[in-house]
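Values in this document were obtained by computation on a predicted structure and should not be read as measured data.
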Amino acid sequence: MADLFGEAAPAPPAAPLADRLRPERLEQVVGQPHLLGPDGALTRLVASGTLPSLIFWGPPGTGKTSIARLLAQATGYRFVGVSAVMTSVHDLKAIFAAAAHAPSRTLLFVDEIHRFNRAQQDAFLAPMEAGIITLVGATTENPSFELNAAILSRAQVMVLNRLDADALEALLQRAEQATGRPLPLMAAARAALIAHADGDGRYLLGQAESLFTLDPAAPLDPAGLSRALQQRLPVYDKDRDGHYDLISALHKSLRGSDPDAALYWLMRMLEAGEEPLYLLRRLVRFATEDVGLADPQALVVTLAAKEAYDFLGSPEGELAIVEACLYLATAPKSNAAYVAEKAARKAAREGGSLPPPLALRNRPTKLMKALGYGEGYAYDHDAPDAFSGQNCWPDGMTPQSLYRPSPRGAEARIAERMAHWALLRAERRG
């Protein structure tokens, strides 16, 4: 089964560079010191000699398969590797049967385990419970959403980090040692190649192998590197964690009044191919939830950005999205309307079906008039200051303070008016 560093057996000379550079011991794995350092979680498990079932969760090219293989090697387990894409429940039953009669414990590695549906995942439970297999699953997706709770309760989740610049540099140095020659890159181009890999060691080694094959006459600068290698698309999936993590970062940057960070996350999503109308919907939501009446114009601006984008399309219309993003990031913030909405819903549910007071009811018929509907209603425009102070709550229900405007932006003036009306209400009811 192919992985970041290839098969357990020595790779043939013609094998891909990533295959030839596989680590032979756990200490040679780069980029995961929290798992494989002296005090790492996996280091402690290896020292104990017994492995629990594990779920490796991390981005592509971080060594999930290699680590699983080396764990089996270090602890004397029999290694069996399968891919969920190519494996049926019938295949799994054959593996379980063989494991039940194997002379040593079996580590069953399942790549892309999230590809199994819920019913297929249930097939692992009994063999795990009986100790027939030790399951090690690898996934790029959030296990909380993609794996059965029953599997998660029987396995420890280990998070693998994307490889940082130092780890990727270490891989490049191994590649240069293995080939006996340096990469044909200037220092700036080498840094660009590492940044271009986006934390994916397998991708980096593939690009390095292409550069060795090209063997240019002179070391390449960043522009030459860009011409020589195809641009990599950002790692992003519209219905997976990457999508929700980035929109969360955008929303929180807006809420934190950081226009530069907000614009960065917005561009990350647009560059990755996110649907602009989705982003506009999130900006409209932010305008109502986090700016609110502190700046009522925020909603107007975001809706205008939607209209501008509808009219212009991409890429010209994306500037309107940028303007809306910057407007929201620099606007005064208030969630008072959002909090008031939640409080009002709670009060409405708890209050049941209390009717309005008679004075506020509609009375279009003689019967309703005879029953007292609308009787005693004070028309506010006829009162001093256009404010009667009459009770607008159901009879028997204590008036509640649901909307509490912030002292920021336009809400500061709203708060002043509400305080003034509260005084008048107390005076006129008294």
Modelled atom types, side-chain donor and acceptor of [X] and [Y], under 3.5 Å:
| X | Y | result |
| --- | --- | --- |
| N142 | Y244 | no |
| Q173 | E169 | yes |
| D245 | S248 | no |
| E323 | Y327 | no |

Is the shortest heavy-atom distance from the side chain of [X] to the side chain of [Y] under 4.5 Å?
| X | Y | value |
| --- | --- | --- |
| R22 | R69 | no |
| D290 | L254 | no |
| P184 | D215 | no |
| L54 | L45 | yes |
| L312 | L319 | no |
| Q73 | E24 | no |
| K342 | V339 | no |
| L171 | L163 | yes |

With rounding to the nearest 0.5 Å, note down the distance linking [atom1] in [X] to [atom2] in [Y].
| X | Y | atom1 | atom2 | result |
| --- | --- | --- | --- | --- |
| D221 | R190 | CG | CZ | 15.5 Å |
| L42 | L36 | CG | CG | 5.0 Å |
| T43 | L26 | OG1 | CG | 7.5 Å |
| S153 | M128 | OG | CE | 7.5 Å |
| L326 | L263 | CG | CG | 5.5 Å |
| E341 | Y338 | CD | OH | 7.5 Å |

Checking L147 against Q121 for the side chain to side chain contact (heavy atoms under 4.5 Å, CB included) test, could you report, in this order, the C-alpha distance in whole Å, the side-chain angles of both residues, the deciding distance, and whether it holds?
CA-CA 8 Å; L147 299 185; Q121 290 177 31; 3.8 Å; yes

Keeping the roles fixed (side chain from [X], backbone from [Y]), state whether a donor-acceptor pair exists under 3.5 Å.
| X | Y | result |
| --- | --- | --- |
| W57 | L160 | no |
| D200 | A197 | no |
| S83 | V85 | yes |
| Q32 | N161 | yes |
| K252 | L250 | no |
| R162 | T62 | no |
| S226 | P222 | no |
| R105 | Y77 | no |
| K64 | G137 | no |
| T213 | E209 | yes |

Check step by step if side chain to side chain contact (heavy atoms under 4.5 Å, CB included) holds for R154 and S53.
CA-CA 7 Å; R154 293 165 170 81; S53 289; 5.7 Å; no

For the pair E274 and R282, find out whether any cationic side-chain nitrogen is under 4.0 Å from an anionic carboxylate oxygen.
no

SB check R118 D122 (cutoff 4.0 Å):
no

Candidate pair Y203 and D198, rule side chain to side chain contact (heavy atoms under 4.5 Å, CB included), full reasoning
CA-CA 9 Å; Y203 178 85; D198 199 19; over 6 Å; no

Which is it for F387 and H420 under the side chain to side chain contact (heavy atoms under 4.5 Å, CB included) test, yes or no, and what are the steps along the way?
CA-CA 11 Å; F387 183 82; H420 174 64; over 6 Å; no

Can you see which heavy atom on [X] is nearest to which on [Y], and at what distance?
| X | Y | value |
| --- | --- | --- |
| V301 | A324 | CG1-CA, 4.1 Å |
| L328 | A287 | CD2-CB, 3.8 Å |
| A84 | I113 | CB-CA, 4.2 Å |
| P394 | L354 | CB-CB, 3.7 Å |
| V157 | P143 | CG1-CG, 4.2 Å |
| P332 | R408 | CB-CB, 4.4 Å |

Going by the angle between their ring planes, with limits at 30° and 60°, are F286 and H251 parallel, tilted or perpendicular?
perpendicular

Flag if over 12 foreign heavy atoms under 6.0 Å of CE, M86
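Not buried by this count: 12 neighbours or fewer within 6.0 Å.
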
Does atom CZ of R181 have more than 12 heavy-atom neighbours, drawn from other residues, nucleotides or ligands, at distances under 6.0 Å?
yes

